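Structure first, then comments.
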Amino acid sequence: MANEAIPNLTAFDEAALGKAFAALEAQAREAAAVLDGEAAVEAFRLEWLGRKQGRLNEVSGRWLKAAPPEAKKALGVRFNALKAVVEDLLDAALGGGPGDATADAALRAEAIDITLPGTRRLTGAEHPIPRTMNEIVAVFAALGYSVGVGPEVETDYYNFESMNFPPEHPARDTQDTLVVANQERKPLRDRLLLRTHTSPVQMRTMEQQPPPVRIVIPGKVHRNDAADATHSPIFHQVEGLCVDTNITFSDLKGTLDYAMKALFGSSVKTRFFPSFFPFTEPSADVQISCIFCGGKGCRKCKDSGWIELLGCGMVDPAVFAFAAEKQPAYDSRKISGFAFGMGVERIAMMKYGISEIGSFFAGDMRFLGQFA
Ligand code: DAH
């Protein structure tokens with residue numbers, strides 16, 4: 001028998017510890033080398049790792065307890081190393097050939113029932129609205145535009161007045177506004193509302209930085225619209241603003257024509273119709289050739305071959321005048337600019353063939369899962 005009784009340790013210096021642990025390791029290796037059959041392996045396990053009478057337990061009980069405090073750490077390290085050696089020896093012995101009952105039991109304990117359904121990890125998917133918003137932003141980012149954001153609860157000043165909607169002006173009626181309650185005691189310009197468009201971030205941006213500006217602003221907006229297939233009181237827009245010296249309407253047309261081709265495919269054509277927005281002069285509505293019928297006329301484009309997609313125009317000098325209160329460089333005699341705003345839901349509905357705007361907000365996994 002290779003095993004000898006655990007001796008008492010009297011010296012705890014490195015040399016003494018080294019010798020004592022080396023002797024134990026040699027004994028363990030010797031014993032493991034001749035293990036033969038499951039009973040012998042189990043006996044080896046009990047002999048060395050047994051919780052009460054195992055040799056390692058004895059070592060830790062006697063040597064560790066007797067060791068002076070300064071030697072405990074070195075002893076512990078050697079102890080752990082020896083324990084790892086013994087466990088490896090045991091693992092190797094358990095790995096023994098077929099018919100080894102201990103090994104079988106260990107394997108059975110670890111066995112996987114491959115007939116059980118697996119744990120499925122659901123892959124998250126980007127919601128189609130932020131996804132479309134990011135796509136639009138990326139088109140402009142590639143043109144050198146930076147990205148800005150602004151608050152969703154906005155003041156009357158930024159949402160309307162600074163965008164050249166004077167108090168009481170009928171143009172305000174085109175944006176049915178949800179206002180924050182109990183604001184009546186404040187001056188009108190400070191009253192809070194849910195922003196009806198992302199345009200106020202044009203003003204916030206200009207107040208923060210002098211020209212040149214090239215910025216796109218994705219964000220959520222609210223209007224008191226009755227919900228139907230194409231209207232929702234919550235929706236999203238991407239706003240754009242470009243201000244520099246000598247910005248012309250052709251820059252606007254070129255930029256938006258490029259952007260629509262990048263978003264909908266290079267065969268798409270654009271056309272610009274006169275329109276009105278208080279903050280641009282002149283203003284235009286942009287239509288693209290119908291992406292469903294290629295312009296031939298179909299139900300989607302009401303047989304016109306064209307689909308109206310966004311608003312735009314040259315920044316109104318009155319808007320620059322508001323910006324100039326904080327940044328005098330917005331002097332409409334020296335600079336000019338264009339702006340545009342598009343609805344994200346409408347674009348996403350066209351791109352993905354979605355017919356109900358409410359699907360975006362209903363949280364139905366059967367809808368959302370299609371974007372995974
Ligand atoms: N703010 C407009 C709306 O919500 C959209 C828009 C039109 C934005 C023209 C613009 C613009 O910047 O130039 O209806």
Side-chain angles (χ1 to χ4, degrees), residues 133 136-137 139-140 145-152 154-165 169-178 193-206 213-225 230-244 247-257 259-260 270-288 308-320 322-323 330 332 335-347 357:
M133 215 144 58
I136 299 168
V137 165
V139 167
F140 288 96
Y145 282 64
S146 52
V147 184
V149 287
E152 289 167 21
E154 192 49 285
T155 61
D156 186 280
Y157 176 75
Y158 284 111
N159 196 80
F160 287 126
E161 197 176 336
S162 72
M163 286 288 107
N164 201 29
F165 294 74
H169 194 281
R172 291 182 172 221
D173 296 347
T174 63
Q175 306 203 348
D176 214 349
T177 310
L178 291 160
L193 46 80
L194 300 187
R195 69 176 177 193
T196 56
H197 52 176
T198 41
S199 303
V201 192
Q202 289 188 27
M203 187 55 57
R204 289 183 174 275
T205 305
M206 290 191 278
V213 165
R214 281 173 181 74
I215 194 167
V216 275
I217 301 138
K220 186 188 292 172
V221 302
H222 294 79
R223 286 190 201 174
N224 187 21
D225 284 339
T230 56
H231 292 83
S232 156
I234 297 179
F235 59 104
H236 298 76
Q237 294 184 329
V238 175
E239 187 84 16
L241 175 67
C242 167
V243 184
D244 207 335
I247 297 292
T248 67
F249 203 92
S250 3
D251 296 315
L252 169 59
K253 286 186 78 172
T255 303
L256 290 181
D257 185 70
M260 292 305 115
T270 54
R271 64 180 191 179
F272 290 68
F273 269 73
S275 183
F276 173 79
F277 299 101
F279 37 90
T280 44
E281 181 60 37
S283 304
D285 283 330
V286 184
Q287 301 182 348
I288 64 169
E308 196 171 304
L309 214 54
L310 70 153
C312 65
M314 301 306 291
V315 178
D316 193 302
V319 172
F320 282 141
F322 281 108
Y330 288 97
S332 57
I335 49 102
S336 55
F338 64 74
F340 54 86
M342 56 188 101
V344 179
E345 279 75 4
R346 193 164 154 70
I347 293 176
I357 196 172

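First listed ligand is number 1; within each ligand, the first listed atom is number 1. Since this is a predicted model, take the numbers as computed values, not measurements.
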Notebook entry, point to check: Just which atoms of ligand 1 are under 4.0 Å from any heavy atom in T280?
Noted result: 13 (O)
Notebook entry, point to check: What's the spacing between C242 SG and I247 CD1 if we round to 0.5 Å?
Noted result: 3.5 Å
Check: Is R204 close enough and on-axis enough to Y158, meaning under 6.0 Å and within 45°, for cation-pi?
Finding: yes
Item checked: Which residue and heavy atom of the protein sit nearest atom 12 (O) of ligand 1, plus the separation -> E239 OE2, 2.5 Å
Next item on the list: Look at the aromatic rings of F320 and Y330 and report parallel, tilted or perpendicular, splitting at 30° and 60°.
Entry: parallel
Notebook entry, point to check: Between M163 and ligand 1, which part of the residue brings a heavy atom under 4.0 Å of the ligand: side chain, backbone, both or neither?
Noted result: neither
Note to self: Show the atoms of ligand 1 that are less than 4.0 angstrom away from any heavy atom in G313.
What the structure shows: 13 (O)
Note to self: Determine whether a donor-acceptor pair (N or O, by modelled atom type, separation under 3.5 Å) exists between the side chain of D176 and the backbone of D225.
What the structure shows: no
Check: At the 4.0 Å heavy-atom cut-off, does Q202 count as touching ligand 1?
Finding: yes
Margin query: With heavy-atom distances below 4.0 Å as the criterion, list the atoms of ligand 1 near S199.
Written below: 1 (N), 8 (C)
Margin query: Can you confirm whether I136 sits close enough to V216 that some side-chain heavy atom of one is under 4.5 Å from a side-chain heavy atom of the other?
Written below: no
Next item on the list: For atom 13 (O) of ligand 1, state which one of A339, G337, P278, P200 supplies the nearest heavy atom.
Entry: A339
Check: Does Q175 have a non-hydrogen atom less than 4.0 Å from ligand 1?
Finding: yes
Next item on the list: Report the member of F277, F279, F276, F235 with the shortest heavy-atom distance to atom 10 (C) of ligand 1.
Entry: F279
Item checked: Residues that V201 engages under side-chain contact (heavy atoms from CB on, under 4.5 Å), provided they are two or more places apart -> R195, T205, I217
Checklist line | Where ligand 1 meets Q237 - atom numbers and elements under 4.0 angstrom, heavy-atom basis | finding: 3 (C), 4 (O)
Next item on the list: Taking the six-membered ring for Trp and the single ring otherwise, decide whether the centroids of F277 and H197 are under 6.0 Å apart.
Entry: no
Notebook entry, point to check: Can you check whether F340 has an N/O within less than 3.5 Å of an N/O in ligand 1?
Noted result: yes
Notebook entry, point to check: Rounded to the nearest 0.5 Å, how far apart are CD1 of I335 and CE of M206?
Noted result: 8.0 Å
Notebook entry, point to check: Which residue owns the protein heavy atom closest to atom 3 (C) of ligand 1, what's the atom, and how far is it?
Noted result: R223 NH2, 3.5 Å
